[in-house]
Amino acid sequence: MSALIRAQNLSVSHPGADRPVISQIDMHIDPAEIVTVVGPNGSGKSTLVRALLGQVALSSGRVDRLSGLRIGYVPQRVHIERAMPMTVRRFLSLPQRVGDAQAAQVLERTGVPGLEKRQIVSLSGGQFQRVLLARALLNAPQLLVLDEPTQGLDQPGIVAFYKLIEEVRAETGAAVLMVSHDLLVVMRASDRVVCLNGHVCCQGTPQAVSAAPAYRALFGAESQGTLALYRHHHDHDHDHVEPGHDHDHVHGPGCTHDHSKG
Ligand SMILES: Nc1ncnc2c1ncn2[C@@H]1O[C@H](COP(=O)(O)OP(=O)(O)O)[C@@H](O)[C@H]1O
Ligand SMILES: [Mg+2]
């Protein structure tokens with residue numbers, strides 16, 4: 001089966017900016033795979049996601065989406081008027097009305113059953129993320145797109161959320177495109193990682209990316225942990241593949257051009 005979304009030589013410039021926010025991006029998302037985009041603040045992750053979804057104009061390149069592709073999208077910032085009372089049940093029916101049974105089912109699936117009558121503003125961060133995910137699941141998406149879904153969650157909350165995402169993927173067969181800063185958890189839970197800094201620094205399996213010099217240059221000390229994770233894994237694997245000599249494929253021009261603002 002062909003890719004759900006494929007970007008070729010994709011560049012986006014924001015009006016008035018002197019250089020593109022993201023340039024010459026080649027990437028794709030296959031059915032049922034979990035792809036995570038990592039990169040520093042301002043590296044263009046949200047812009048890339050919105051370009052893949054067709055929400056921003058491209059300055060060059062192309063994005064192809066499977067025709068009729070059903071997408072469940074949770075943007076990085078969900079604006080909810082704090083002063084306006086709104087129950088979870090009503091929130092799930094915006095913008096499209098859904099039945100009670102379906103609402104109950106998605107809340108159950110995301111681990112927050114019975115929240116229908118609660119006010120959105122009264123939810124914890126973790127509950128709110130699960131309600132957002134529940135709403136994204138309503139149209140039986142083939143692709144879930146989650147932009148920093150674990151922002152503001154504590155470490156156990158983050159781990160639990162990724163576990164939930166893997167369960168949803170296993171159950172529904174939906175592919176997942178996620179933006180995240182949680183390097184260690186990302187590396188465990190993703191099939192492929194795209195390391196972005198205005199351009200694609202490297203992409204490939206978590207093992208391959210965590211060993212790539214471009215990734216280590218970009219994330220510094222933090223990246224050592226993810227590499228150690230795989231070294232450790234190798235140590236206990238009893239296979240005799242040396243780190244750096246396995247069959248994982250990393251590709252990308254490296255991070256020689258720094259588009260971030262620090
Ligand atoms: N609509 C916009 N107009 C102008 N500049 C923007 C717009 N959206 C994002 N930017 C700029 O593009 C850069 C990348 O933003 P973004 O894609 O949100 O990065 P990330 O999600 O990796 O933090 C930032 O410098 C940001 O200020
Ligand atoms: Mg962002």
Side-chain angles (χ1 to χ4, degrees), residues 5 7-29 34-63 65 71-80 125 128-129 132-133 135-136 143-153 157-158 161-162 165 176-187 189-190 192-204 206 209-210 212 214-220 222-223 226 252-262:
I5 298 185
Q8 289 170 278
N9 197 33
L10 161 68
S11 299
V12 174
S13 298
H14 289 302
D18 53 347
R19 58 182 177 184
V21 183
I22 49 172
S23 57
Q24 299 177 329
I25 309 280
D26 289 304
M27 68 171 284
H28 67 278
I29 304 149
I34 299 180
V35 177
T36 305
V37 178
V38 298
N41 282 332
S43 61
K45 302 181 298 297
S46 296
T47 302
L48 172 60
V49 162
R50 295 178 58 229
L52 293 173
L53 297 180
Q55 297 186 353
V56 291
L58 314 183
S59 47
S60 67
R62 57 182 293 166
V63 175
R65 282 177 295 273
I71 295 174
Y73 174 41
V74 179
Q76 184 169 4
R77 283 173 200 84
V78 178
H79 187 77
I80 291 176
F128 183 55
Q129 286 304 338
L132 290 176
L133 179 61
R135 190 172 71 157
L143 173 64
L144 267 173
V145 180
L146 309 167
D147 193 344
E148 303 209 26
T150 57
Q151 221 170 23
L153 302 188
I158 291 169
F161 191 82
Y162 277 88
I165 291 294
V176 181
L177 172 66
M178 194 152 32
V179 173
S180 182
H181 280 300
D182 313 306
L183 286 183
L184 280 168
V185 199
V186 159
M187 289 298 180
S190 306
R192 272 190 314 115
V193 176
V194 177
C195 183
L196 189 74
N197 194 19
H199 62 280
V200 175
C201 297
C202 50
Q203 59 179 318
V209 166
S210 60
Y215 168 80
R216 284 186 273 165
L218 199 54
F219 289 105
E222 214 188 334
S223 70
T226 57
C255 274
T256 46
H257 307 286
D258 188 358
H259 288 236
S260 79
K261 290 176 181 158

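Note that the coordinates shown come from a computational prediction; the quantities given were computed from them, not determined experimentally. Whatever order the structure lists them in is the order used to number ligands and atoms, beginning at 1.
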| Just wondering, do Val176 and Val35 contact through their side chains at under 4.5 Å, heavy atoms? | no
| query | Using a distance threshold of 2.8 Å, what protein N/O/S atoms lie below it relative to the Mg ion (ligand 2)? | reply | Ser46 OG, Gln76 OE1
| query | Looking only at atom types and distance, does a side-chain atom of Gln203 sit under 3.5 Å from a main-chain N or O of Asp26, one as donor and one as acceptor? | reply | yes
| request: Decide yes or no on side chain to side chain donor-acceptor pair (under 3.5 Å) for Asn197 and Ser43, but give the supporting numbers first. | output: CA-CA 5 Å; Asn197 194 19; Ser43 61; 4.9 Å; no
| Per-atom contacts, ligand 1 versus Ser43 - under 4.0 Å to a heavy atom | 19 (O), 22 (O)
| Looking only at distance, does Gly44 have an N or O less than 3.5 Å from an N or O of ligand 1? | yes
| task | Please identify which atoms of ligand 1 are closer than 4.0 Å to at least one heavy atom of Pro40. | result | 22 (O)
| request: Look only at interatomic distance and state if Lys45 has a nitrogen or oxygen under 3.5 Å from any nitrogen or oxygen of ligand 1. | output: yes
| Counting N and O atoms only, with roles assigned by atom type, does the side chain of Ser11 sit under 3.5 Å from a partner on the main chain of Gln24, one being a donor and the other an acceptor? | yes
| said: Less than 4.5 Å apart, side chain to side chain, heavy atoms only: is that true for Val145 and Leu53? | reply: yes
| Can you tell me if Ser23 uses its side chain to pair, donor with acceptor, with the backbone of Pro20 under 3.5 Å? | no
| query | To the nearest 0.5 Å, what is the distance between CD1 (Ile34) and CG (Leu177)? | reply | 11.0 Å
| Any side-chain heavy atom of Leu146 sitting closer than 4.5 Å to one from Leu132? | no
| task | State if Gly42 counts as touching ligand 1 under the rule of any non-hydrogen atom under 4.0 Å. | result | yes
| task | Enumerate the atoms of ligand 1 whose separation from the nearest heavy atom of Thr47 is less than 4.0 angstrom. | result | 15 (O), 16 (P), 17 (O)
| Between Thr150 and Asp182, is any side-chain donor less than 3.5 angstrom from a side-chain acceptor? | yes
| said: For the 3.5 Å polar cut-off, considering only N or O atoms, please tell me whether Val21 and ligand 1 meet it. | reply: no
